[in-house]
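Each remark here refers to the structure printed beneath this line.
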Protein chains: 2
Amino acid sequence: MDNTDIKILKLLQKNAQMTYKEIAEEINLTQTPVFDRIKRMEKSGVIDKYVTILNRKKVGNSLTVFNQVTMIKQTLEISQKFDEAVAKLPEVVECHFVSGGFDYLLKIIVPDMETYHKFHQLKLSVIPGVSLINSYFVMSEVKNTTEIPL
Amino acid sequence: MDNTDIKILKLLQKNAQMTYKEIAEEINLTQTPVFDRIKRMEKSGVIDKYVTILNRKKVGNSLTVFNQVTMIKQTLEISQKFDEAVAKLPEVVECHFVSGGFDYLLKIIVPDMETYHKFHQLKLSVIPGVSLINSYFVMSEVKNTTEIPL
DNA sequence: TTTGAAAGATCAACTTT
DNA sequence: AAAGTTGATCTTTCAAA
């Protein structure tokens with residue numbers, strides 16, 4: 001990965017629909033080397049995937065909640081079961097196992113407070129091993145990007 | 001937005017590079033209505049953008065840290081300055097103003113602990129109004145998706 | 001829904017460094 | 001050799017019939 005690759009990735013992170021020609025013009029190259037470099041980075045896994053970002057509010061999913069989850073104990077079995085359960089829940093868009101005062105930090109996206117209440121009661125707190133859930137409601141989204149610093 | 005739109009969005013959230021033809025086949029339609037629906041949703045803002053997702057580890061950004069930030073007081077001026085400062089920092093990929101025991105929850109992506117230390121000392125703690133920063137280090141990423149539940 | 005021109009993606013052969 | 005350019009071909013986009 002050289003400087004030209006970095007330039008290409010910076011452009012692609014912002015807009016996955018740039019044509020090879022547009023990228024080539026931006027970095028003073030022609031289509032073919034741009035094409036070859038992108039295909040190489042797709043194969044090596046540096047480029048993971050191309051996705052569409054929706055406007056949360058316009059699709060009626062305007063409530064974001066963070067959950068700090070503490071488990072009764074930290075055995076491998078309990079962790080694995082929790083990981084599996086969480087992966088299946090579409091409301092959970094992020095789940096991180098963290099160091100510190102609790103075990104997991106989850107980011108939840110739901111349409112409204114009523115839906116969140118049901119999610120909390122019926123889907124999250126019932127997962128085996130869950131001991132304590134602290135909820136933090138997002139009042140304002142200051143920044144949210146998929147761009148990794150390069 | 002009807003059920004057909006939802007089907008299209010579900011596919012596009014997973015893969016932004018599906019052709020109109022492929023989408024049409026998947027949902028038993030022809031290219032033209034699929035094309036028209038996508039263009040309509042792009043115009044209305046339901047579809048925000050198309051982006052490329054990189055593999056964090058393969059681009060050498062393997063450390064994720066969450067920060068709970070508490071401000072000295074919650075005035076509009078202090079908030080606005082903080083929001084502006086954070087927006088400029090590429091290491092900050094998410095920043096949420098939340099209700100509860102602290103003011104902001106930030107998600108930070110950096111190459112390593114040394115870089116994080118410098119970020120904490122030189123970029124985050126120096127923002128005017130910042131009183132307390134609690135750091136939580138991600139040991140394992142259980143789930144991380146850009147897909148909004150539909 | 002069908003069709004077709006314009007634009008883009010892909011790749012082979014050639015050129016440069 | 002490694003990386004870039006040119007140009008030819010196939011596929012997709014997109015608007016009009």
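Every chain is numbered from 1 and lettered A, B, ... according to where its sequence line falls, protein lines coming before strand lines. Here the structure is a predicted model, which is why all the values come from computation and not from measurement.
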- So the contacted stretch of DNA chain C, first to last nucleotide with an atom under 4.0 Å from a non-hydrogen atom of chain A, runs from C/dG8 to C/dA12
- Query: Between A/Tyr116 and A/Gln121, is a side-chain hydrogen bond (donor to acceptor under 3.5 Å, both in side chains) present by the stated rule, with each step listed?
  - Reply: CA-CA 9 Å; A/Tyr116 176 69; A/Gln121 274 196 321; over 6 Å; no
- Task: Please state how far atom CD in A/Gln31 lies from atom P in D/dT9, giving the value in whole angstrom units.
- Result: 16 Å
- Find out if a path of hydrophobic residues (ILVMFWY) with successive side-chain heavy-atom gaps under 4.5 Å connects A/Leu89 to B/Val142. yes
- Rounded to whole angstrom units, what separation is found between the CD1 atom of A/Ile38 and the P atom of D/dG4? 13 Å
- Task: Fit a plane to each ring of A/Tyr20 and A/Phe35, take the angle between them on a 0 to 90° scale, and name the class: parallel (under 30°), tilted (30 to 60°) or perpendicular (over 60°).
- Result: perpendicular
- Do the side-chain N or O atoms of B/Lys21 get closer than 4.0 angstrom to the phosphate oxygens (OP1, OP2) of D/dT11? no
- Item | Residues forming a side chain to side chain donor-acceptor pair (under 3.5 Å) with B/Tyr104, sequence neighbours excluded | B/Asp83
- Task: Check whether any side-chain N or O of B/Asp48 sits under 3.5 Å from a backbone N or O of A/Ile53 as a donor-acceptor pair, and report yes or no.
- Result: no
- Message: When you measure from the side chain of B/Asn61 to the backbone of A/Pro149, do you find a donor-acceptor pair of N or O atoms at a distance under 3.5 Å?
- Response: yes
- Item | Rounded distance (Å) that lies between atom P of D/dT12 and atom CD1 of B/Ile23 | 12 Å
- Task: Run through A/Met41, A/Gln13, A/Arg40 and flag the one making a side-chain contact (heavy atoms from CB on, under 4.5 Å) with A/Ile47.
- Result: A/Met41
- Message: Check the phosphate of D/dG4 against A/Arg37, side-chain N and O only, distance under 4.0 Å to OP1 or OP2. Yes or no?
- Response: yes
- Would you mind classifying the nucleic acid contact of A/Arg40 as base, sugar-phosphate or nothing, using non-hydrogen atoms under 4.0 angstrom? nothing
Please write out each protein N/O paired with an N/O of nucleotides 15-17 of chain D under 3.5 Å, distance rounded to 0.1 Å.
none

- Item | Whole-Å gap separating P (D/dT12) and CD (B/Gln17) | 12 Å
- Item | Rounded distance (Å) that lies between atom P of D/dA3 and atom NZ of A/Lys7 | 16 Å
- Length of the line joining B/Met18:CE and D/dT13:P, which is rounded to integer Å: 11 Å
- Query: Please give, in whole Å, the distance from D/dT11 C1' to B/Glu22 CD?
  - Reply: 11 Å
- Task: Kindly say whether B/Leu105 contributes a backbone atom to a donor-acceptor pair with the side chain of B/Asn67 at under 3.5 angstrom?
- Result: no
- Same apolar cluster: B/Val65 and B/Phe102, side chain cutoff 4.5 Å: no
